[in-house]
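Heads up: the structure comes next, in structure tokens.
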Amino acid sequence: MAYYQNPIDVTTLPSWKALSEHRLEMQRFSMREAFATDEKRFDKYSFTTSGLFLDYSKNLINDQTLSLLYSLARESGLEQAIHALLEGEFVNSSEHRPALHTALRRPLGDRLPVNGQDIMPEVHRVIGQMTDIVGRIHTNQWRGYNDKTITDVVNIGIGGSFLGPQLVSEALLPFTQNGVRCHYLANIDGSEFREVTAKLNVETTLFIISSKTFGTLETLKNAQAARAWYLARGGTEEKLYRHFIAVTSNIKAAVEFGIREKNVFPMWDWVGGRYSLWSAIGLPTALAIGMSNFKELLSGGYAMDQHFRNAPFEENMPVLLAMLGVWYANFWGAQTHAFLPYDHYLRNFVKHLQQLDMESNGKSVRQDGTPVSTATGPVIWGGVGCNGQHAYHQLLHQGSLMIPSDFIVPVTSYNPVADHHQWLYANCLSQSQAMMLGKTREEAEAELRAKGMSEDEVQRLAAHKVIPGNRPSNTLVVERIDPRRLGALVALYEHKVFVQSVIWGINAFDQWGVELGKELGKTVYQQMTGHDQLPADDASTQGLIDYFRSRHRG
Ligand code: F6P
């Protein structure tokens with residue numbers, strides 16, 4: 001099997017050097033001036049693909065910046081890397097496998113050999129299996145232990161087996177069909193378990209245990225608690241199969257848990273957890289929105305894949321967003337990136353992007369094990385607007401850090417209330433405008449004088465009113481959030497993250513960093529519960545164990 005690895009240290013490339021020099025020239029670049037002197041800037045720096053309109057004109061860029069960034073992408077071997085990803089080469093070098101979430105979105109009839117075997121028939125067989133169960137639940141053929149209709153689905157899963165499906169089922173709430181409600185149980189926190197189950201009727205609830213490995217502590221503990229909850233409320237062992245199904249690549253473990261084998265939906269080691277919402281891990285979503293909408297989601301993702309594969313870099317949205325991120329992270333020292341969706345239904349998008357981006361690109365060694373020579377993935381944060389405006393946007397406008405931001409907003413709301421949506425849209429635009437324009441000292445002073453203030457007062461206050469401006473942002477506009485456009489939007493960010501990993505030479509598809517905490521968690525648990533008499537490896541942890549043991553009640 002072809003094995004993809006980018007052997008190039010990006011900082012040694014000619015275009016890296018050229019970009020470093022160009023950065024110095026851009027020190028005094030003013031977006032205000034750029035807009036004032038080039039009336040075509042917005043037209044030049046905006047385009048549409050797959051139902052997404054991107055305005056990237058409010059960035060610290062000119063034609064030369066872009067040309068150098070695209071050269072960097074080419075010199076980094078991005079063309080070959082995109083081909084390697086989409087054609088199933090082993091891009092996940094530390095786990096010796098491909099990363100084929102894109103295969104899940106490919107149409108029937110496509111062929112894609114992995115290790116000599118075409119995986120597409122199996123992908124479409126599982127889509128058929130999903131279609132079957134969704135149909136049976138929606139038409140009341142699948143019922144609870146005492147023949148009542150299933151009305152509530154609880155996804156028990158964490159990380160990628162939670163965040164992606166939750167994002168999609170919330171974002172597509174207006175597309176809910178047959179009154180099936182989705183709930184998510186992720187954390188190993190009894191309070192979450194209580195809150196979720198309090199809303200449920202055991203007779204009408206289906207639990208989906210979603211775990212690629214079927215070995216994740218939080219998920220298994222919640223699955224056991226859910227089974228006990230079901231049995232304690234009248235559910236029977238004999239009919240348990242009507243209330244518990246699983247999605248996993250570890251079919252044996254699911255069957256051992258008590259799930260009927262034909263109710264286990266497979267997934268594959270070539271799908272990473274954070275890229276798995278397109279697989280049967282998306283089953284809760286499919287149950288909520290129906291299979292035809294779920295297929296629309298897949299086709300939106302596929303449209304973005306085709307764009308990513310075929311569009312020249314100059315018009316390639318994931319490549320462009322990724323290279324802008326490289327520009328700010330590596331040449332302007334930006335350490336964080338904000339996502340600011342102006343849409344209630346996208347309120348959890350940031351959580352999904354946090355896992356997608358930070359678990360993928362939070363790495364410090366290159367694929368060949370050598371240390372990286374430049375900054376890699378930034379901290380991803382943000383939240384829904386306008387709420388953020390009344391909380392943390394102050395720092396975006398006047399803080400000492402440069403924080404590139406992505407605004408995301410639909411043109412049409414599913415729930416028009418008076419002129420709320422016009423105001424929401426206007427606020428989104430005015431935030432990026434304020435970040436770009438800022439307010440000069442002269443403007444601040446003039447404003448204060450216009451209010452009739454004394455010159456002393458004007459001079460005392462003016463500095464506080466100055467907004468530096470020149471802060472970069474992208475704005476993504478969608479006509480409405482529907483399955484197809486949402487699919488394209490999620491795939492856009494998946495590919496953006498991949499492009500950056502190629503530039504930095506890191507593996508976007510492993511996550512060894514989370515393993516140490518899991519291992520230590522088991523040891524600390526043993527020490528806390530007295531199963532392990534050895535003291536903790538450090539005094540702080542031991543002290544915290546003692547504190548717990550001396551005060552814990554129940
Ligand atoms: O701990 C991190 C992680 O491995 C994620 O990558 C993954 O999405 C999550 O845990 C859940 O894993 P699983 O689906 O195997 O339960």
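On a predicted model such as this, the values are computed, not experimentally measured, just so you know. Whatever order the structure lists ligands and atoms in, that order sets their numbers, starting from 1.
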Evaluate the salt bridge (charged side-chain N to carboxylate O under 4.0 Å, His left out) criterion for residues Glu87 and Arg106: first the C-alpha distance (whole Å), next the side-chain angles of each, then the deciding distance (0.1 Å), finally the verdict.
CA-CA 12 Å; Glu87 291 309 311; Arg106 281 187 162 196; 3.3 Å; yes

Just jot down the ligand 1 atoms closer than 4.0 angstrom to any heavy atom of Lys518, in number order.
1 (O), 4 (O)

Note: Val123 and Ala103 closest approach over all heavy atoms is CG1-O, 3.9 Å

With backbone taken as N, CA, C and O and side chain as the heavy atoms from C-beta onward, which portion of Thr213 lies under 4.0 Å from ligand 1: side chain, backbone, both, or neither?
both

Under 4.0 Å to a heavy atom of Val514 - the qualifying atoms of ligand 1, by number:
1 (O), 2 (C)

Could you tell me if Arg260 sits above the aromatic ring of Tyr241, with its cationic atom closer than 6.0 Å to the ring centre and no more than 45 degrees from the axis?
yes

Measure from NZ or CZ of Arg97 to the centre of the six-membered ring of Trp270, then state whether that distance is under 6.0 Å and the direction lies within 45° of the axis.
no

Does the Lys NZ or Arg CZ of Arg227 fall within the cation-pi geometry relative to Phe257 - under 6.0 Å from the ring centre and within 45° of the axis?
yes

Parallel under 30°, tilted from 30 to 60°, perpendicular over 60°: which one fits the rings of His352 and Phe349?
parallel

Is there a side-chain contact between Cys182 and Asn155 (heavy atoms, below 4.5 Å)?
no

Pull out every atom of ligand 1 sitting under 4.0 Å from any heavy atom of Thr216, numbered as shown with elements.
12 (O), 13 (P), 15 (O), 16 (O)

Could you tell me the residue and atom name of the protein heavy atom closest to atom 6 (O) of ligand 1, and the distance to it rounded to 0.1 Å?
Glu359 OE1, 2.8 Å

Ligand 1 to Thr219 polar contact by distance, N or O atoms, under 3.5 Å:
no

Any side-chain heavy atom of Glu95 within less than 4.5 Å of one from Asn92?
yes

Return yes or no for this condition: an N or O of Gly159 is under 3.5 Å from an N or O of ligand 1.
no

Could you tell me which atoms of ligand 1, counted from 1 in the order shown, lie closer than 4.0 angstrom to a heavy atom of Lys212?
13 (P), 14 (O), 15 (O)

Just distances here: any N/O of Ser210 and N/O of ligand 1 closer than 3.5 Å?
no

Has Gln355 got any heavy atom lying under 4.0 angstrom from an atom of ligand 1?
yes

Atom indices of ligand 1, in the order listed, that fall short of 4.0 Å to a heavy atom of Gly160:
7 (C), 8 (O)

Out of all atoms in ligand 1, which are within 4.0 Å of some heavy atom of Ile158? Include the element for each.
9 (C), 11 (C)

